[in-house]
**Q** 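The following block contains the structure, expressed as structure tokens.
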Amino acid sequence: MKRIHIIGRKNSGKTTLIVDLIHELTGRGRRVGTIKHTHHHHELDTPGKDSFRHREAGSSAVGILSPKMNAVFWPQMQPNDAGSNRYQMFDYLMTDCDIVLVEGDSSATSPRIEVYRAILQQAPIALTDQSILAVVTDDLLDLRVPIWPRSGVEAIADKIELALKSEV
């Protein structure tokens, strides 16, 4: 899976950039998959519904098929496993995707791009993490990694595609 992580502080614009990249990349004919990574516990299934009850009863995985959307819920087997191998579970589901954009997971070993906004008054993650591929911002920064202007989503998409080609 050609995967790239869009990371950054809370309210830095990660979701907005991903949405813009989805529009840009799909406009180029690319098939884009996305994964939202979170550190917070969210109940993904609706408590009280049949699928929730199946899982609560002990089902290892619960699938939902509907006329317009499908889903599968399965528990994290090792809750403390933060390794990139967790993403391999999505490989077969996203096999037809040209690129998978992951929102978050700054500890991933896959290529990571940071979204930064000075208005948040927090230092860029790239200051202490030299493995970050680039920082997307329209703010003036002095970093050792490339800075990609946020206002140029077409150029960001070009650079992401190029970076993923070199990863293969």
Side-chain angles (χ1 to χ4, degrees), residues 1-44 64 66-73 82-168:
M1 174 176 18
K2 292 181 181 178
R3 184 177 84 237
I4 195 154
H5 292 250
I6 307 298
I7 66 166
R9 311 273 186 204
K10 183 176 179 162
N11 296 320
S12 62
K14 298 179 298 289
T15 301
T16 302
L17 177 59
I18 286 178
V19 168
D20 289 348
L21 286 169
I22 293 167
H23 286 299
E24 177 63 27
L25 292 165
T26 58
R28 297 177 181 193
R30 306 289 189 267
R31 288 186 49 126
V32 179
T34 60
I35 299 171
K36 168 65 177 161
H37 178 271
T38 182
H39 293 288
H40 306 289
H41 174 74
H42 294 282
E43 185 54 61
L44 303 176
I64 300 172
S66 72
K68 293 188 178 187
M69 188 69 62
N70 302 319
V72 177
F73 300 103
S84 290
N85 61 343
R86 293 183 346 177
Y87 293 96
Q88 292 173 350
M89 292 185 278
F90 288 95
D91 283 356
Y92 75 97
L93 295 170
M94 299 191 179
T95 190
D96 291 335
C97 294
D98 298 311
I99 184 172
V100 175
L101 301 173
V102 179
E103 182 175 340
D105 197 355
S106 58
S107 66
T109 57
S110 294
R112 291 169 296 133
I113 296 171
E114 179 181 0
V115 182
Y116 176 78
R117 291 177 53 210
I119 196 167
L120 297 177
Q121 300 181 345
Q122 293 180 304
I125 299 167
L127 276 177
T128 56
D129 186 344
Q130 298 301 313
S131 67
I132 291 175
L133 180 66
V135 174
V136 174
T137 187
D138 284 330
D139 295 313
L140 295 176
L141 289 175
D142 183 22
L143 296 172
R144 297 170 113 182
V145 299
I147 297 173
W148 299 347
R150 173 59 182 95
S151 54
V153 73
E154 298 87 2
I156 295 170
D158 289 342
K159 291 173 182 177
I160 287 173
E161 287 187 314
L162 186 60
L164 290 175
K165 283 182 184 174
S166 67
E167 286 285 317
V168 174

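Along the sequence shown, residues carry numbers from 1. Being a predicted model, the structure only gives us computed values, none of them experimental.
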**Q** What closest approach, in Å, do Leu164 and Pro111 show between heavy atoms, and which atom pair accounts for it?
**A**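 Closest approach of Leu164 to Pro111, heavy atoms only: CD2-CG, 4.4 Å.
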
**Q** Just do the side chain to side chain contact (heavy atoms under 4.5 Å, CB included) check on Asp98 and Lys2 with the steps written out, would you?
**A** CA-CA 7 Å; Asp98 298 311; Lys2 292 181 181 178; over 6 Å; no

**Q** Please report the shortest heavy-atom distance between Leu133 and Ala163, naming the atom on each side.
**A** CD2-CB, 3.6 Å

**Q** Quick one: does Glu161's side chain get under 4.5 Å of Arg30's, heavy atoms only?
**A**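 Contact flag for Glu161/Arg30 side chains = yes.
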
**Q** For a 4.5 angstrom cut-off between non-hydrogen side-chain atoms, does Asp105 reach Ile35?
**A**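 No, every pair of side-chain atoms sits at 4.5 Å or beyond.
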
**Q** List in chain and number order the residues that pass side-chain contact (heavy atoms from CB on, under 4.5 Å) with Ala157, two or more places apart in sequence or in another chain; answer none if no residue qualifies.
**A**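 With neighbours one apart ignored, the set is Leu21, Glu24, Leu25, Arg28.
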
**Q** With a 4.5 Å heavy-atom cut-off, do Pro124 and Leu141 have their side chains touching?
**A**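 They are in contact (side-chain heavy atoms under 4.5 Å apart), so the answer is yes.
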
**Q** What's the spacing between Arg3 CZ and Cys97 SG if we round to 0.5 Å?
**A**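 SG of Cys97 is found 13.0 Å from CZ of Arg3.
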
**Q** Look at the side chain of Lys36 and the backbone N and O of Gly104, then say whether any donor-acceptor pair between them is shorter than 3.5 Å.
**A** no

**Q** Which residues satisfy the side-chain hydrogen bond (donor to acceptor under 3.5 Å, both in side chains) test with Ser131, sequence neighbours excluded?
**A**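 side-chain hydrogen bond (donor to acceptor under 3.5 Å, both in side chains) list for Ser131, sorted by chain: Arg112, Asp129.
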
**Q** By side-chain contact (heavy atoms from CB on, under 4.5 Å), which residues pair with Ser151, not counting sequence neighbours?
**A** Asp138, Pro149

**Q** Which pairs pass side chain to side chain donor-acceptor pair (under 3.5 Å) with one or both residues in residues 113-125, sequence neighbours excluded?
**A**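 As it turns out, there is no side chain to side chain donor-acceptor pair (under 3.5 Å) pair with a partner in residues 113-125 once direct neighbours are skipped.
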
**Q** Return the set of residues passing side-chain hydrogen bond (donor to acceptor under 3.5 Å, both in side chains) with Asp20 (not counting sequence neighbours), or none when no residue passes.
**A**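 Asp20 satisfies side-chain hydrogen bond (donor to acceptor under 3.5 Å, both in side chains) with Arg150 once adjacent residues are dropped.
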
**Q** Listed by chain and number, what are the side-chain hydrogen bond (donor to acceptor under 3.5 Å, both in side chains) partners of Thr16, not counting sequence neighbours?
**A**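 Per chain and number, Thr16 pairs via side-chain hydrogen bond (donor to acceptor under 3.5 Å, both in side chains) with no residue.
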
**Q** Quick one: pull up CD1 in Ile4 and CD1 in Ile160 and give me the separation to the nearest 0.5 Å.
**A**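 One gets 5.0 Å once the value is rounded to the nearest 0.5 Å.
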
**Q** CG of Leu127 to CG of Leu143: how many Å apart, nearest 0.5 Å?
**A**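 Result: 5.5 Å between the selected atoms.
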
**Q** Give the minimum heavy-atom separation between Val135 and Ala126, together with the two atoms involved.
**A**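 Closest approach of Val135 to Ala126, heavy atoms only: CG2-CB, 3.6 Å.
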
**Q** Who are the side-chain hydrogen bond (donor to acceptor under 3.5 Å, both in side chains) partners of Asp139, not counting sequence neighbours?
**A** Thr137

**Q** For the CD1 atom of Ile125 and the CD1 atom of Ile7, what is their distance to the nearest 0.5 Å?
**A**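 Between atom CD1 of Ile125 and atom CD1 of Ile7 there are 4.5 Å.
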
**Q** Using side-chain contact (heavy atoms from CB on, under 4.5 Å) as the criterion, list what pairs up with Thr34, not counting sequence neighbours.
**A**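 If we apply the side-chain contact (heavy atoms from CB on, under 4.5 Å) test to Thr34, skipping adjacent residues, the hits are Ile18, Ile22, Val32, Leu101.
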
